[in-house]
Amino acid sequence: MVRSVRNWAANDAPTYFALLLWIAANVLVFHRTFTEYMYEPRYYYLHEMLGLGLCVSRASASVLNLNCGLILLPMCRTVLAVIRGSTQCVGRKARRVLDGSRKFHMLCGAAICVAAATHSLGHFYNALNFSEHYNVKYPGVNAASHPKQDPIQVLLPTVPGLTGVAMVLLLLLIVSTSSLAIRTGNYELFWYTHHLFLILYCLMLLHPMRGVLKEQLNLDEHPPGCHMLMDKGGSNDTLNVASEPEPEPEAYIGLMPYPEPESEPLPEGSTDEFGRVVTCKGPPTFHTHAVEVWMWLLGPFCLYCAERVYRLVRSNSPAAISGIIEHPDDVVEVQLTKEGFGAKPGQYVVVNCPDVSTLEYHPFTLTMCPSSRDPTFSIHLQKMGDWTESLYERLLPDTDETDESLPVMVRRQYPTLYVDGPFGSPSENVFHYDVSLCIAGGIGITPFASVLNHLLNEGTKSSRLRRLYLIWVCRNITSFLWIAQVLCSLQRQAWNENRPDFLNIYLHLTRSRDVQILEREYPFLNSRVHVGRPQWRHIFDEVARYNPSTTVGVFLCGPKGMSKGIKRICLKKNKFHTKFEFHKENF
Ligand SMILES: NC(=O)C1=CN([C@@H]2O[C@H](COP(=O)(O)OP(=O)(O)OC[C@H]3O[C@@H](n4cnc5c(N)ncnc54)[C@H](OP(=O)(O)O)[C@@H]3O)[C@@H](O)[C@H]2O)C=CC1
Ligand code: HEM
């Protein structure tokens with residue numbers, strides 16, 4: 001099957017365009033700074049001493065400034081949720097770019113690591129050159145206190161040196177604990193170490209203070225490289241000049257012959273129209289160069305901090321648990337209410353339970369949103385790690401075995417839960433297509449459960465959606481019980497609203513063949529059960545056949561391995577000219 005350019009353009013073009021913009025911004029800032037330190041007259045003497053190390057260390061610092069500013073933007077989740085929600089002014093393609101915000105955050109993180117390594121190595125090389133190429137004639141430009149000083153001594157006992165080493169160590173800690181293994185195995189460790197970034201940013205603002213790199217101030221009085229005649233006829237060599245004293249001002253006289261070919265190319269303004277070196281009116285004066293890190297960081301940092309304060313205030317009051325329903329396969333449905341809480345189907349919240357962990361917040365997609373008639377919202381929590389296990393045990397009493405086939409309404413003294421959010425997610429786009437295809441693996445059904453509940457509450461004609469396909473793949477038949485009631489009620493409602501082909505359900509069972517449980521309670525669902533993993537190619541062909549020349553929104557939420565094959569099918573050409581636009585839930 002050939003890949004469809006049209007489908008590629010619909011799926012990946014916006015993301016690749018955003019990526020191209022990011023790469024261009026990095027190349028631009030790197031090039032701008034590199035050439036500035038390579039050719040600007042004010043850095044002539046500095047560049048003469050440090051060479052390429054100066055340009056590379058400074059250019060990588062600009063890349064660090066850019067990405068340390070950008071990396072916070074994808075984490076302003078409330079801002080992103082508002083952008084996603086403003087469907088009138090933000091088109092679907094632009095909103096789909098937001099689906100990659102988490103990946104963009106990691107991309108900036110990777111760029112920060114590379115730039116930090118380059119920047120650090122560049123400065124160690126500069127320390128070496130400051131020591132090797134000490135400028136005796138113009139000591140003001142040096143960072144070393146004497147020729148051949150120990151480079152470590154040149155760099156470390158300075159504000160940039162000490163803050164630089166501390167930042168590298170912090171960055172190593174943040175990055176090493178951001179790995180998927182640690183985020184899934186010990187989220188708390190990731191969470192605490194990741195917030196060391198606040199110290200990292202404070203150190204970044206301190207880092208260039210009392211800097212070691214200096215620019216020349218008096219370019220008019222002393223055109224860089226100009227000729228300062230000494231008693232002995234003078235020399236244009238400003239490097240390695242052994243103990244020659246600074247000449248008196250009156251010693252500077254007349255125009256000089258062309259500069260020696262091997263010397264540093266003179267910057268503009270150092271030679272007259274005949275190419276002869278002009279003479280100086282005085283020695284060069286130097287000052288540490290202007291600090292610009294705050295220009296890059298302050299905006300995003302203030303926006304992020306303002307958002308965190310807003311989120312802190314918003315999530316300060318606990319949510320009231322109005323009901324707990326125990327479902328099969330270690331899933332518990334938590335029904336909540338909270339004053340003023342509103343959310344859209346597909347959105348998610350982050351939940352904190354102080355009884356389990358004070359500072360740890362975990363994301364959960366809403367399975368039911370508050371409606372005009374009922375303020376209740378719900379999440380489905382499955383035992384997956386240490387935190388969910390502890391919360392699960394606090395929500396459910398240690399009762400004897402109950403009949404797993406039926407959800408059990410349980411009432412007890414519940415733990416206090418704080419809910420922060422809601423935050424936007426790709427599944428919000430389900431209602432922005434005529435036809436949507438929702439694919440869930442296991443507990444990945446949660447974002448689509450809120451879509452189904454919304455359609456149940458508001459009616460199947462409450463949006464432009466005229467056909468909804470739901471493919472749900474589970475290991476055990478009992479998992480389908482999590483939202484069996486909603487599925488059957490919505491199917492009935494679609495028939496009552498004279499939309500018999502609105503809801504198309506495919507339930508795939510991969511680890512057992514026992515379908516009796518559904519037969520008794522939910523005969524309609526029983527007829528939708530297929531054994532084994534779905535034949536994606538066949539399913540997509542069927543959807544394309546029944547929806548020719550249509551743009552179908554494909555939404556996936558499930559185990560990692562599920563997305564590759566499905567994304568590939570979305571990008572392929574089909575004979576019905578149906579376009580599949582792929583969205584993936586990923587927290
Ligand atoms: N908003 C979000 O981002 C959310 C994300 N999730 C994610 O969803 C996932 C659900 O996990 P869990 O419930 O344990 O799922 P499981 O690991 O139990 O897998 C669920 C089903 O998916 C099937 N499956 C796995 N890979 C494929 C594939 N390549 N093609 C077809 N079917 C496949 C499995 O089949 P088989 O038995 O053959 O392996 C299984 O039947 C979690 O990783 C969770 O992080 C969950 C909720 C919300
Ligand atoms: C200097 C480097 C970094 C900074 C300043 C930074 C900053 C942040 C911030 C502020 C958050 C949001 C916390 C919150 O509000 O919930 C965050 C979350 C996150 N970061 Fe980073 N980060 C950095 C590097 C990285 C790297 C290198 C990775 C992984 C490769 C990474 C992965 C993550 C992940 C997975 C999340 C959680 C996202 C979510 O919950 O949606 N970060 N980071």
Side-chain angles (χ1 to χ4, degrees), residues 24-66 115 118-130 132-135 137-144 154-155 158 160 207-228 236-239 241 252 256 258-273 275-296:
N26 278 282
V27 169
L28 202 66
V29 295
F30 187 93
H31 178 265
R32 180 189 67 101
T33 307
F34 189 95
T35 49
E36 182 185 346
Y37 280 83
M38 175 71 92
Y39 303 114
E40 280 278 323
R42 62 178 188 272
Y43 299 117
Y44 173 77
Y45 290 111
L46 198 59
H47 181 254
E48 202 180 37
M49 274 202 294
L50 306 180
L52 209 53
L54 171 68
C55 308
V56 169
S57 57
R58 296 302 303 140
S60 49
S62 296
V63 170
L64 275 168
N65 286 338
L66 173 69
T118 310
H119 180 73
S120 310
L121 293 173
H123 273 310
F124 276 116
Y125 184 55
N126 291 339
L128 211 61
N129 284 323
F130 270 128
E132 287 301 313
H133 302 143
Y134 185 87
N135 187 328
K137 197 176 198 177
Y138 305 136
V141 73
N142 293 300
V154 172
L155 199 58
T158 62
H207 187 52
M209 303 301 168
R210 298 169 53 76
V212 295
L213 299 180
K214 299 186 186 91
E215 63 183 16
Q216 183 185 338
L217 299 176
N218 60 336
L219 297 173
D220 296 339
E221 188 189 345
H222 180 101
C226 65
H227 195 72
M228 295 179 56
N236 198 29
D237 172 10
T238 58
L239 292 183
V241 176
Y252 311 115
M256 285 307 299
Y258 291 91
E260 289 75 21
E262 71 285 355
S263 68
E264 170 91 356
L266 294 177
E268 214 174 290
S270 301
T271 52
D272 66 6
E273 65 274 28
R276 291 175 303 183
V277 176
V278 297
T279 53
C280 323
K281 298 184 190 76
T285 54
F286 301 96
H287 190 269
T288 49
H289 65 90
V291 175
E292 55 176 58
V293 59
W294 60 272
M295 287 190 295
W296 296 89

Ignoring hydrogens, what is the shortest heavy-atom contact between [X] and [Y]? Give both atom names and the distance.
{"X": "W296", "Y": "V29", "value": "CH2-CG1, 3.7 Å"}
{"X": "K214", "Y": "L46", "value": "O-CD2, 3.3 Å"}
{"X": "G53", "Y": "N126", "value": "C-OD1, 3.0 Å"}
{"X": "E292", "Y": "R32", "value": "OE2-NH2, 3.6 Å"}
{"X": "P41", "Y": "P224", "value": "O-CG, 3.2 Å"}
{"X": "N26", "Y": "L66", "value": "OD1-CD2, 3.6 Å"}

- Item | Crowding at OH, Y125 (>12 non-hydrogen neighbours, <6.0 Å) |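 Count not over threshold, so no.
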- Message: Taking R58 first and then E40, would you say they form a salt bridge - that is, a charged N and a carboxylate O separated by under 4.0 Å?
- Response: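 Between E40 and R58 there is no salt bridge, as every charged N stays at least 4.0 Å from the carboxylate O atoms.
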- Item | Under 3.5 Å side-chain donor-acceptor pair for T33 and S62 |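 Judged by distance alone, the side chains do pair up.
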About how many Å separate [atom2] of [Y] and [atom1] of [X], when rounded to the nearest 0.5 Å?
{"X": "Y134", "Y": "N142", "atom1": "OH", "atom2": "CG", "value": "4.5 Å"}
{"X": "L64", "Y": "F30", "atom1": "CG", "atom2": "CZ", "value": "11.0 Å"}
{"X": "Y39", "Y": "F34", "atom1": "OH", "atom2": "CZ", "value": "7.5 Å"}

- Item | Aromatic plane relationship, H119 with H123 - under 30° parallel, 30 to 60° tilted, over 60° perpendicular |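 Ring orientation, 0 to 90° scale: perpendicular.
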- Once the angle between the rings of Y45 and Y138 is folded into 0 to 90°, is it parallel (under 30°), tilted (30 to 60°) or perpendicular (over 60°)? perpendicular
- Derivation of the side chain to side chain contact (heavy atoms under 4.5 Å, CB included) call for V293 and H207: CA-CA 9 Å; V293 59; H207 187 52; over 6 Å; no
With a 4.5 Å limit on heavy-atom distance, are the side chains of [X] and [Y] in contact?
{"X": "L217", "Y": "R42", "result": "no"}
{"X": "L213", "Y": "L50", "result": "yes"}
{"X": "N65", "Y": "W294", "result": "no"}
{"X": "H47", "Y": "C55", "result": "yes"}

- For the pair N218 (side chain) and T285 (backbone), establish whether a donor and an acceptor sit closer than 3.5 Å, ignoring hydrogens and angles. yes
- Please test M38 against L54 for side chain to side chain contact (heavy atoms under 4.5 Å, CB included), starting from the C-alpha separation and ending with a verdict. CA-CA 8 Å; M38 175 71 92; L54 171 68; over 6 Å; no
